[in-house]
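For the single chain, residues carry numbers from 1 onward in sequence order.
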Amino acid sequence: MESLQLLLDGFAAALTPVNLMYALVGVTLGTLVGVLPGIGPAMTVALLLPITFTVPPASAFIMFAGIYYGGMYGGSTTSILLNTPGESASMITALEGNKMARRGRAAQALATAAIGSFVAGSIATALLVVAAPAVVSFAIAFGPEDYFALAVMAFTAVSSVLSRSVVRGLASLGLGLVIGLVGIDQQTGQARLTLGIPQLLDGIDVVIVAVGLFALGEALYVASRLRHAPPEVVPVGRAWMGRADWRRSWAPWLRGTALGFPFGALPGGGAEIPTFLSYAAERRLARGTAREEFGKGAIEGVAGPEAANNASAAGTLVPLLTLGLPTSATAAIMLAAFQQYGLQPGPQLFDHNPALVWGMIASLFIGNTMLLVLNLPLAPLWARVLRVPRPYLYAGIVLFAALGVYALNGTVVDLFVLYVLGLLGYAMRRFGLPVAPAVIGMILGPMAEIQLRRALAIGAGDVTVLVKSPVAVVLLVLSLLALLMPLFRKLSARRKPPARSTSEQESR
């Protein structure tokens, strides 16, 4: 009941004319940038992050929530019309959605993606309202050793789940931890890794890291593989759905939401697993004509995964707001936005800044509705945006990233650091290192270091203090399992005897 009252207060703050304008600007910009080819939600949020810093905190996070959901919506448009998913979670949408578009059903594919995203986002945000206070009450009892174990679990889960190789994931995490060490040691006052540059004494701004590794690194990588031929965009009319489309879509929307929300709340869960599970479930449950259409453009293959994708986006806000724990690359950049205002998400945020938190949650409902109103009639307009020549597009991204970063402190050193990190982001993509563990390591690394030192100080240097809490033990065991599971899979695969061919069986 208390959560409902706080949510109503949040709606009172979010429904003011000024904040409604910021929400509309956020969802429009988020969709506009997110709809561009090869740009996923993480890159959209990183690219637009600097424009929120001149806005008051409450309005900034309402606008930021709109950018977040708008970026999620935009990815489905490129997947369906251009067969170019902006992130791995949109691959399944591209698989069936683009085939629907090539069969002349682009309007129906865009409509089921937009409406499914609205349904899933609304239900998942309602679940966030229920789950957040429960997690906060549990997190209040956390000690320094628990927070350190929580950070370790985030490191290992993200490194093992968000990369094809645990070694590459840990290597990326190590790069992020090193970047997080730059600056003055908060305990000893010694400068670390500053190379004698005064501007680095305060550390590298998380916004510069996010924009450099995501936006600039991606732009350089795509530009290095740029094709001169213009992309083929499937024409689309006004998005609409017939009665049969509604009948075939409503159940996949609900099933996708049920799969996406819990996976989004898990450290390292992400949106990839639930979208694949949703697609597999819909394919298994399909009957008659729907079963024959799978692989050729089945509407269920768009409705379910797109709902799972957007539900997982709301799920990531549960650990982010209640524990200060980012479970995805986009959530890590959102944590950077909080830190830019001197705010640390966690249990105390709900006590000290309830108006800001609940205003942001309420704005998710508002932004979700605005996005539905925007996306259905404006689908043909977004299709025209996709025709922007790639060289102009990525040149604009580099320019916009530089202007946004320079506006932070007005120093050339920030630009130099931005381009160094952009080259690092390009190299990481070139050699198959995932970017998300690096960003999460850079943001959570200093927090993990502080909590580790605090726990050891309480225990008078006794290392066993880290395993005296039952919560810490459980989290550390889960971290160990996250690291060892890929190894166990490889060992079990090697022990399986190779399948005998049919000719060998016949000769026997």
Side-chain angles (χ1 to χ4, degrees), residues 27-45 66-102 105-122 124 231 233-234 236-241 245 249 252-253 256-257 259-260 264 270-272 274-276 278-279 282 297-314 330 367-368 370-386:
V27 297
T28 305
L29 284 176
T31 307
L32 177 62
V33 178
V35 81
L36 295 173
I39 300 180
M43 186 174 172
T44 303
V45 173
I67 292 172
Y68 180 40
Y69 268 18
M72 297 295 298
Y73 269 67
S76 63
T77 305
T78 57
S79 298
I80 292 169
L81 298 183
L82 206 59
N83 199 25
T84 306
E87 57 166 355
S88 55
S90 301
M91 286 191 297
I92 295 298
T93 304
L95 185 65
E96 295 291 337
N98 187 253
K99 290 177 180 175
M100 282 186 67
R102 294 185 179 281
R105 287 175 53 80
Q108 289 79 2
L110 287 171
T112 192
I115 298 172
S117 298
F118 169 76
V119 171
S122 300
V233 183
V234 178
V236 56
R238 191 164 301 278
W240 64 278
M241 292 174 62
D245 296 323
S249 296
W253 291 336
T257 304
L259 284 169
E272 293 83 2
T275 53
F276 280 98
S278 174
Y279 181 78
E282 298 308 324
I299 195 169
E300 293 87 349
V302 178
E306 197 60 28
N309 189 9
N310 282 267
S312 71
T330 312
N368 217 19
M370 287 182 174
L371 281 167
L372 182 66
V373 174
L374 274 175
N375 275 272
L376 288 179
L378 295 183
L381 177 62
W382 301 137
R384 289 184 183 180
V385 172
L386 293 174

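- Asn309 and Thr275 share no side-chain donor-acceptor pair at under 3.5 Å.
- Every residue meeting the side-chain contact (heavy atoms from CB on, under 4.5 Å) condition with Ala113, not counting sequence neighbours, appears here in chain and number order: Ser76, Ile80, Val302, Glu306.
- For the side chain to side chain donor-acceptor pair (under 3.5 Å) test, no residue two or more places apart in sequence or in another chain qualifies with Thr28.
- For Tyr68 (side chain) and Ala313 (main-chain N/O), a donor-acceptor pair under 3.5 Å exists by modelled atom type.
- One finds the OH atom of Tyr69 at 7.5 Å from the CG atom of Asn310 (value rounded to the nearest 0.5 Å).
- Residues that satisfy the side-chain contact (heavy atoms from CB on, under 4.5 Å) test with Ser249, not counting sequence neighbours, are Thr112, Met241, Trp253, Ile299, Ala303.
- Closest approach of Pro305 and Glu300 over heavy atoms only: CD-O, 3.7 Å.
- Applying the side chain to side chain donor-acceptor pair (under 3.5 Å) test to Thr31 and every residue at least two apart in sequence or in another chain returns nothing.
- Residues Gly97 and Ala109 come closest through the heavy atom pair O-CB, 4.2 Å.
- By the side-chain contact (heavy atoms from CB on, under 4.5 Å) test, Leu259 pairs with Pro274, Leu277, Ser278, sequence neighbours left out.
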